[in-house]
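Written out below as structure tokens is the structure these notes cover.
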Amino acid sequence: MAEPQGPKKGDKTKIATERRGGWLSRIAPGVRGAFAKRETPENLWVKCPDTGEMIYRSDLDAALWVTPAGRHMRIGPEARFKYTFDDGVHEVLPTPAVVEDPLKFSDGKSYKDRLAAARKATGEQDAMAIAFGKVGGVDTVVLVQDFAFMGGSLGMAAGEGFIAAAEAAITRQVPLVAFTAAGGARMQEGALSLMQMARTTLAINAMKDAGLPYAVVLTDPTTGGVTASYAMLGDVHLAEPGALIGFAGPRVIEQTIRETLPPGFQRSEYLVEKGMVDRVTHRKDLPAVLGSILGTLMMGRALKAA
């Protein structure tokens with residue numbers, strides 16, 4: 001007597017598929033796909049670094065990316081232009097192209113690969129973005145340094161971006177505002193990155209020769225060669241609350257001098273007391289404050305010319 005045989009291989013596959021699909025897939029194969037689960041975006045909530053509070057992303061955007069605890073979160077050029085220009089209206093200006101990876105640098109990962117990854121993550125070509133519009137009613141060129149792009153590091157592209165912004169301001173005879181955010185010079189470009197400190201300084205001198213205001217808004221963090229050059233050469237220096245501003249970071253300083261630093265050392269509130277920063281200004285107040293300052297400086301320029 002023959003022994004009963006189990007289902008064949010094809011039958012097993014069919015049974016497994018039916019089990020996974022459930023009874024609905026057996027009676028109406030096309031219906032189940034119409035009721036697929038709706039995926040929840042991974043970035044729907046943002047955690048406050050200070051309190052750990054989870055904040056709904058749209059609420060944070062409405063608050064200009066300032067948490068209820070007062071932390072001014074880092075933002076990119078698109079949001080910065082939107083919050084700074086009157087009604088968010090602005091014209092994006094091109095940034096110059098430069099030779100990429102001139103030193104053929106690699107630190108286990110090639111510089112070209114790091115650039116590609118940063119461009120994919122931010123949607124920007126490099127750390128600098130330039131736009132033109134009205135700030136508090138004053139025609140202004142605004143330069144934004146994006147910390148999300150390789151730590152906002154100063155390389156040849158960033159240097160050329162700064163120079164292009166200064167030249168655009170001079171051509172239009174309007175002020176220049178730079179929002180700085182950087183971890184320092186870009187090590188993958190070696191001495192070529194350090195040369196940008198001198199080149200940007202010359203661009204600022206050209207602004208001064210033209211009698212045009214140059215204002216700096218220091219955001220978190222502004223450190224290294226950027227602090228040692230164009231971040232500290234403005235006619236006026238504003239800073240967002242809680243921004244880290246300095247040359248070397250506090251951890252490096254403590255390890256070097258083997259002393260504990262004062263509370264709030266290198267933060268914008270501490271530095272305004274020491275005279276390194278002119279004023280600490282909340283993000284929501286920056287357009288009005290900048291407009292007032294730039295309008296006054298441009299009025300003085302017009303009176304001087306007359």
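By convention here, the first residue in the shown sequence is residue 1.
In terms of hydrophobic clustering, with Ile, Leu, Val, Met, Phe, Trp and Tyr side chains grouped at heavy-atom distances under 4.5 Å, I253 and M276 are assigned to a common cluster. L294 and M299 fall into different hydrophobic clusters, where Ile, Leu, Val, Met, Phe, Trp and Tyr side chains are chained together by heavy-atom contacts under 4.5 Å. In the hydrophobic cluster analysis, where Ile, Leu, Val, Met, Phe, Trp and Tyr join through side-chain heavy atoms closer than 4.5 angstrom, I130 is grouped together with L233. Criterion: ILVMFWY side-chain heavy atoms under 4.5 Å apart, direct or through other members. Under it, L143 and M156 are not part of a common hydrophobic cluster. Cluster membership check: M207 shares its hydrophobic cluster with L93, using side-chain heavy-atom separations under 4.5 Å among Ile, Leu, Val, Met, Phe, Trp and Tyr.
Proximity of E160 to M128: side-chain heavy atoms (C-beta onward) are nowhere separated by under 4.5 Å. Here the side chains of R199 and I163 are in contact, with some heavy-atom distance below 4.5 Å. Between F147 and P221 there is a side-chain heavy-atom pair separated by less than 4.5 Å. At a threshold of 4.5 Å between non-hydrogen side-chain atoms, the residues V46 and W65 count as touching. Residues M298 and L212 meet the side-chain proximity criterion, which asks for heavy atoms closer than 4.5 Å. By the 4.5 Å heavy-atom criterion applied to side chains, V135 and F85 are counted as neighbours. Counting heavy atoms from C-beta on, the side chains of S268 and L218 never come closer than 4.5 Å. No side-chain heavy atom of D101 sits under 4.5 Å from any side-chain heavy atom of L115.
Pairing each heavy atom of G246 with each of Q266, the nearest pair is CA-NE2, 3.7 Å. Contact detail for A127 and R186: the closest heavy-atom pair is CB-NH2, 4.2 Å. Across all non-hydrogen atoms, the minimal contact from Y270 to G264 is CB-O, 3.1 Å. Residue L154 comes nearest to S193 through the heavy atom pair O-CB, 3.2 Å, listed as atom of the first residue, atom of the second, then distance. Taking all atoms of both residues into account, the shortest heavy-atom contact from E124 to P77 is OE2-CG, 4.1 Å. Smallest separation of non-hydrogen atoms from G152 and Q145: O-NE2, 2.8 Å.
Partners of D107 under the side-chain hydrogen bond (donor to acceptor under 3.5 Å, both in side chains) rule, at least two apart in sequence or in another chain, are R114. The salt bridge (Lys or Arg N to Asp or Glu O under 4.0 Å) test applied to D50 returns R71, not counting sequence neighbours.
Side-chain atoms of T171 come within 3.5 Å of backbone atoms of E167 as a donor-acceptor pair (strictly under, hydrogens ignored). No donor-acceptor distance shorter than 3.5 angstrom exists from the side chain of H237 to the backbone of D235, with no hydrogens or angles considered. Side-chain atoms of Q188 do not come within 3.5 Å of backbone N or O of K112 as any donor-acceptor pair. With hydrogens and angles ignored, the 3.5 Å screen pairs a side-chain donor or acceptor of T140 with a backbone N or O of V138. A donor-acceptor pair under 3.5 Å links the side-chain atoms of R283 to the main chain of L64, judged by distance alone. Remark: side-chain polar atoms of S153 are paired, donor with acceptor, to backbone N or O of M150 under 3.5 angstrom. With hydrogens and angles disregarded, no donor-acceptor distance shorter than 3.5 Å links the side chain of D113 to the backbone of A117. The closest donor-acceptor contact from the side chain of S292 to the backbone of A288 lies at 3.5 Å or more, if one exists at all. Side-chain atoms of E269 come within 3.5 Å of backbone atoms of G242 as a donor-acceptor pair (strictly under, hydrogens ignored). Looking at T223, its side chain never comes within 3.5 Å of a backbone N or O of A248 through a donor-acceptor pair.
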For T67 and T51, run side-chain contact (heavy atoms from CB on, under 4.5 Å): C-alpha distance rounded to whole Å, both residues' side-chain angles, the deciding distance at 0.1 Å, then the answer. CA-CA 9 Å; T67 70; T51 64; over 6 Å; no
Working note: R57 + L60, criterion side-chain contact (heavy atoms from CB on, under 4.5 Å); need CA distance, chi angles, decisive distance, verdict. CA-CA 5 Å; R57 191 180 187 88; L60 194 56; 5.6 Å; no
Full working for side-chain contact (heavy atoms from CB on, under 4.5 Å) between K284 and Y83: CA-CA 8 Å; K284 66 180 175 58; Y83 300 152; over 6 Å; no
Stepwise side-chain contact (heavy atoms from CB on, under 4.5 Å) check, I293 with L238: CA-CA 11 Å; I293 292 171; L238 305 180; 4.2 Å; yes
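Annotation for E78: atom CD does not count as buried by contact number, only 12 or fewer foreign heavy atoms lying within 6.0 Å. Within 6.0 Å of atom CZ in F247, 12 or fewer heavy atoms from other residues, nucleotides or ligands are found, so the atom counts as exposed in its surroundings. No more than 12 heavy atoms of other residues, nucleotides or ligands shown are found within 6.0 angstrom of NZ on K47. Within 6.0 Å of OH on Y56 lie no more than 12 heavy atoms contributed by other residues, nucleotides or ligands.
Screening V216, I245, V226, T222 for a side chain to side chain contact (heavy atoms under 4.5 Å, CB included) involving M232 leaves a single residue, I245.
The structure places OG1 of T256 at 8.5 Å from CZ of R258, a figure rounded to the nearest 0.5 Å. Rounding to the nearest 0.5 angstrom, the gap separating the CG atom in L176 from the OH atom in Y214 is 6.0 Å. D285 contributes atom CG, which lies 10.5 Å from atom CG of L290 (distance to the nearest 0.5 angstrom). In this structure, CG in L44 is found 9.0 Å from CE in M54, a value given to the nearest 0.5 Å. Between atom CE of residue M187 and atom OH of residue Y111 there is a gap of 10.0 Å, rounded to the nearest 0.5 Å. Of the inter-residue distances, the one linking Q125 atom CD with D146 atom CG reads 12.5 Å to the nearest 0.5 angstrom.
Between Y230 and F162, the ring planes are tilted. Angles from 30° to 60° get that label. Under the 30°/60° scheme for interplanar angles, the aromatic rings of F81 and H90 are found to be tilted.
The pair R80-E240 meets the salt-bridge criterion, since a charged nitrogen lies less than 4.0 angstrom from a carboxylate oxygen. Under 4.0 Å is where a charged nitrogen must lie from a carboxylate oxygen, and between D87 and K134 no such pair does.
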